[in-house]
Every structure is written in C-alpha cells, then in structure tokens.
Amino acid sequence: MNVTRYDLSGDVQYLATKEGFLFESKNNESRLALDLNKDALFPFESACSDCGILGIASQNKLVYVSYSSEDINGLYSLVVDEYSMNFTKVRNIIKIEGFQQGTHFGGNLLFDSLGKLYLSVGDGSENNIYEDHPQNLNDYRGKILRIDISNLKLEPEIVAYGIRSPWAVTIDSINRMFISECGGNSVEAIYLLNDLYSGIPANFGWPVFEGSLRVRQDPLMFDDVLAPIFEYKIRPGCLTAGVYLNDIESLLVADYYGVIRLLKQQENGDWYLLHKYKQEKFEQMDKKIRLNK
C-alpha cells in the first residue's frame with residue numbers, strides 16, 4: 001500500500017493510503033476505520049496518478065478526510081468530508097471541481113492553534129502553464145484555503161494563491177505555515193507564511209513564476225509575489241513531505257528522489273541548508289537519468 005497521509009496529533013492516530021484505506025490506531029491496537037472503495041465515485045486506477053485519500057486531520061472528536069472523486073463523465077473533484085470518531089459521515093465540508101486530468105489535487109489538511117482548518121488545493125492539471133485559475137481569486141484551485149468549521153455556512157477564505165501543487169504543508173508552534181511546492185519543469189520551492197491572519201492573501205506567482213524563475217510573459221512582477229525561502233533545480237523531482245521540528249527550530253523536507261533536507265533560519269531571517277542526505281539507490285537512479293539526457 002502507498003501511504004499518503006497520517007495524523008499523530010491526538011490519542012488516536014490515523015494513517016491513510018492512496019488505495020482509499022484509512023487505518024486507526026489506539027491503545028496499541030489498529031483497525032481499518034474507513035474504506036472509500038465502497039464509494040462508487042472513489043477512483044483508484046493507474047491513469048489517475050494523484051488519486052486517493054489526500055488528507056487526514058482530527059479535532060474535538062471529529063475526523064476530516066480529503067480525497068479524490070470522479071463523476072460519471074470522468075471529471076475529478078477534491079472532496080473534504082467530516083466524520084464522527086466511529087466514522088459515520090457527518091457532513092460534506094467542501095467539494096472543488098475541475099481537476100480534469102486527475103492530478104495536482106493537493107489535499108493536505110491541518111489545523112492551526114486557533115482551531116481553523118486549512119486545505120491545500122493544487123491547480124488541477126499537469127500541463128497547465130497557460131491556465132489562469134491559480135491567479136483567479138474566484139476559483140479555489142491553486143490555493144491554500146482556511147475553513148472555520150464552527151460556522152455552518154463553511155465559506156472558505158483564501159490564504160494564499162498562485163500555487164501549482166502544494167503537496168506538503170506544515171504549521172509550527174507559533175502558527176507559521178510552510179508550503180512545499182512541487183515544481184513543474186525547473187524549480188522546487190518552499191514558501192513561508194509568517195502571518196496566517198494578515199487579511200491579505202499571499203501570491204506565490206504560478207503559472208507566471210515557478211519559484212523565482214519567470215516561465216511566462218505576464219504583467220505580474222516578481223516584486224508583487226511572495227519569494228520562496230528556499231528553492232533548488234530539479235531533474236525532474238517533487239517535494240513530497242515536510243514537517244517543522246519545533247524542538248530544533250528547523251524544517252525537514254523530502255522529495256521524490258529520496259533527498260532529505262534540513263533547513264534552518266538565520267538571525268537575519270534568511271533560510272539556509274543545514275544538512276542534506278541522499279540514499280545510495282537514488283544516487284544511482286540520478287546517474288542513469290543524467291546519462292539518458
């Protein structure tokens with residue numbers, strides 16, 4: 001099974017898989033708590049590269065699950081549902097349509113210290129450099145959304161936009177959000193939102209900018225977008241994991257090529273690479289890719 005997400009925040013821990021299974025662990029015992037394969041609209045197939053359970057978060061004896069859904073016309077959506085602790089569905093939180101290729105869903109779910117729920121939403125297409133919805137504030141694709149689950153209206157608030165594929169998102173103990181952006185053809189980038197409640201959505205620049213690299217002619221200037229705190233070129237690759245380690249005040253990120261990086265902030269506010277680790281088998285893979293180019 002391919003593990004996609006986990007939630008270890010409470011007395012009950014959860015682990016989710018791409019195949020649609022969600023496992024619960026408590027009192028040193030584990031069980032299958034939710035099987036989305038029983039839902040006729042849940043897609044799991046090789047053609048849908050990013051499909052599966054995409055996010056899991058729990059709070060106040062409620063569990064929130066994000067996953068991909070496919071309608072009868074073959075169009076994909078990103079769905080977030082709320083469940084009770086025994087996994088009886090309580091309500092739908094949001095359904096975002098328009099993921100035509102079954103990829104770039106995002107789907108990370110997490111809570112801040114004030115109890116607000118955040119959802120990362122990808123741009124919905126693998127070859128969308130000329131599509132504008134990440135820059136469109138009337139479209140939820142390519143965004144970081146905040147949802148007040150105590151409000152019955154459940155109207156999402158855009159915290160950040162201009163995003164391609166925000167697979168790894170983490171919030172530290174002082175409510176700073178780190179977003180690892182899976183790049184397109186050139187750059188992997190990591191962004192930091194110092195203030196989640198500034199009232200002004202941050203623009204990461206996609207599809208005009210990929211990290212700090214301009215990839216499309218457009219009136220949007222780099223001075224008007226949020227610069228990444230760290231970036232590096234890819235061959236290709238994809239940032240797939242990220243967690244802030246409060247004890248050592250460092251950000252740990254990992255990518256598809258098995259490279260683990262530890263980033264730390266300097267006194268002047270800049271971030272630097274503190275440590276980099278790469279497994280041997282991935283080094284051999286990298287050499288083969290270079291030879292074939």
Side-chain angles (χ1 to χ4, degrees), residues 1-10 12-26 29-111 117-126 133 139-145 147 149 151-156 165-169 240:
M1 292 186 182
N2 299 297
V3 175
T4 52
R5 303 291 187 190
Y6 59 86
D7 177 13
L8 309 178
S9 61
V12 181
Q13 290 84 45
Y14 302 98
L15 184 147
T17 74
K18 178 179 173 63
E19 292 84 356
F21 302 114
L22 192 150
F23 297 91
E24 172 190 273
S25 176
K26 63 179 178 180
E29 294 184 359
S30 298
R31 72 178 185 95
L32 177 62
L34 181 66
D35 180 2
L36 286 182
N37 290 279
K38 297 177 181 179
D39 184 343
L41 298 180
F42 178 78
F44 177 66
E45 53 185 274
S46 58
C48 184
S49 60
D50 290 352
C51 288
I53 297 180
L54 304 167
I56 174 75
S58 60
Q59 182 175 260
N60 297 332
K61 297 184 179 181
L62 292 169
V63 183
Y64 299 84
V65 180
S66 69
Y67 58 94
S68 56
S69 178
E70 182 182 10
D71 65 20
I72 59 174
N73 297 314
L75 299 177
Y76 296 95
S77 300
L78 173 62
V79 179
V80 179
D81 287 336
E82 180 184 76
Y83 292 86
S84 65
M85 291 291 285
N86 64 2
F87 281 90
T88 299
K89 183 176 174 180
V90 177
R91 58 177 173 168
N92 173 253
I93 299 298
I94 193 172
K95 180 178 180 180
I96 303 173
E97 301 176 337
F99 296 84
Q100 297 182 7
Q101 296 185 21
T103 188
H104 292 191
F105 291 102
N108 214 166
L109 287 173
L110 64 167
F111 284 96
L117 180 65
Y118 292 81
L119 170 67
S120 69
V121 187
D123 61 16
S125 177
E126 197 167 88
H133 46 257
D139 192 311
Y140 287 145
R141 290 172 293 175
K143 310 294 188 297
I144 301 291
L145 303 178
I147 304 172
I149 55 173
N151 191 328
L152 295 178
K153 293 184 178 180
L154 294 175
E155 296 179 357
S165 184
W167 179 252
V169 182
T240 57

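Since this is a predicted model, take the numbers as computed values, not measurements.
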| field | For Ile94, the option from Leu145, Leu154, Leu117 that meets side chain to side chain contact (heavy atoms under 4.5 Å, CB included) | value |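 Single pass found, and it is Leu145.
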| query | Looking at Tyr67, Phe99, Tyr76, which one forms a side chain to side chain contact (heavy atoms under 4.5 Å, CB included) with Cys51? | reply | Tyr76
Can any side-chain N or O of [X] pair as donor or acceptor with the backbone N or O of [Y] at less than 3.5 Å?
X: Asn73; Y: Leu75; answer: no
X: Arg141; Y: Gly122; answer: no
X: His133; Y: Asp123; answer: yes
X: Asp7; Y: Ser58; answer: yes
X: Ser120; Y: Asn108; answer: yes

Side-chain contact test, heavy atoms from C-beta onward, threshold under 4.5 Å: evaluate it for [X] versus [Y] and give yes or no.
X: Phe105; Y: Ser66; value: no
X: Leu119; Y: Val80; value: yes
X: Ser68; Y: Ser77; value: no
X: Ile144; Y: Val121; value: no
X: Leu32; Y: Phe21; value: yes
X: Tyr83; Y: Leu62; value: no
X: Val79; Y: Asn92; value: yes
X: Leu22; Y: Leu15; value: no

| request: Report the relative orientation of the aromatic rings in Phe87 and Tyr14; use parallel for angles under 30°, tilted for 30 to 60°, perpendicular for over 60°. | output: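 The rings of Phe87 and Tyr14 stand perpendicular, inter-plane angle above 60°.
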Reported [atom1]-to-[atom2] distance for the pair [X] and [Y], which is rounded to 0.5 angstrom:
X: Glu19; Y: Asp35; atom1: CD; atom2: CG; answer: 11.0 Å
X: Ser25; Y: Gln13; atom1: OG; atom2: CD; answer: 5.5 Å
X: Ile96; Y: Tyr140; atom1: CD1; atom2: OH; answer: 8.0 Å

| said: With no hydrogens and no angle check, just 3.5 Å: does a side-chain donor-acceptor pair link Thr17 and Asn2? | reply: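 Distance-only check fails for Thr17 and Asn2.
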| message | If only side-chain N and O atoms count, and only distance matters, is there a donor-acceptor pair under 3.5 Å linking Asp50 with Thr103? | response | yes
| Under 6.0 Å between the ring centres of Phe111 and Tyr64? |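 So the answer is yes for these two rings.
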| Closest heavy-atom pair and its distance - Arg5, Gly106 |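 It is NH2-O, 3.6 Å.
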| Which atom of Glu24 lies closest to which atom of Met85, heavy atoms considered |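 Residues Glu24 and Met85, closest heavy atoms: OE1-O, 3.8 Å.
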| Among pairs that include at least one residue of residues 75-84, which meet salt bridge (charged side-chain N to carboxylate O under 4.0 Å, His left out), considering only residues two or more places apart or in two chains? | Asp81-Lys89, Glu82-Arg91
| query | Between Val65 and Ile53, is a side-chain contact (heavy atoms from CB on, under 4.5 Å) present by the stated rule, with each step listed? | reply | CA-CA 7 Å; Val65 180; Ile53 297 180; 3.9 Å; yes
| note | salt bridge (Lys or Arg N to Asp or Glu O under 4.0 Å) filter on Glu97, not counting sequence neighbours, yields none
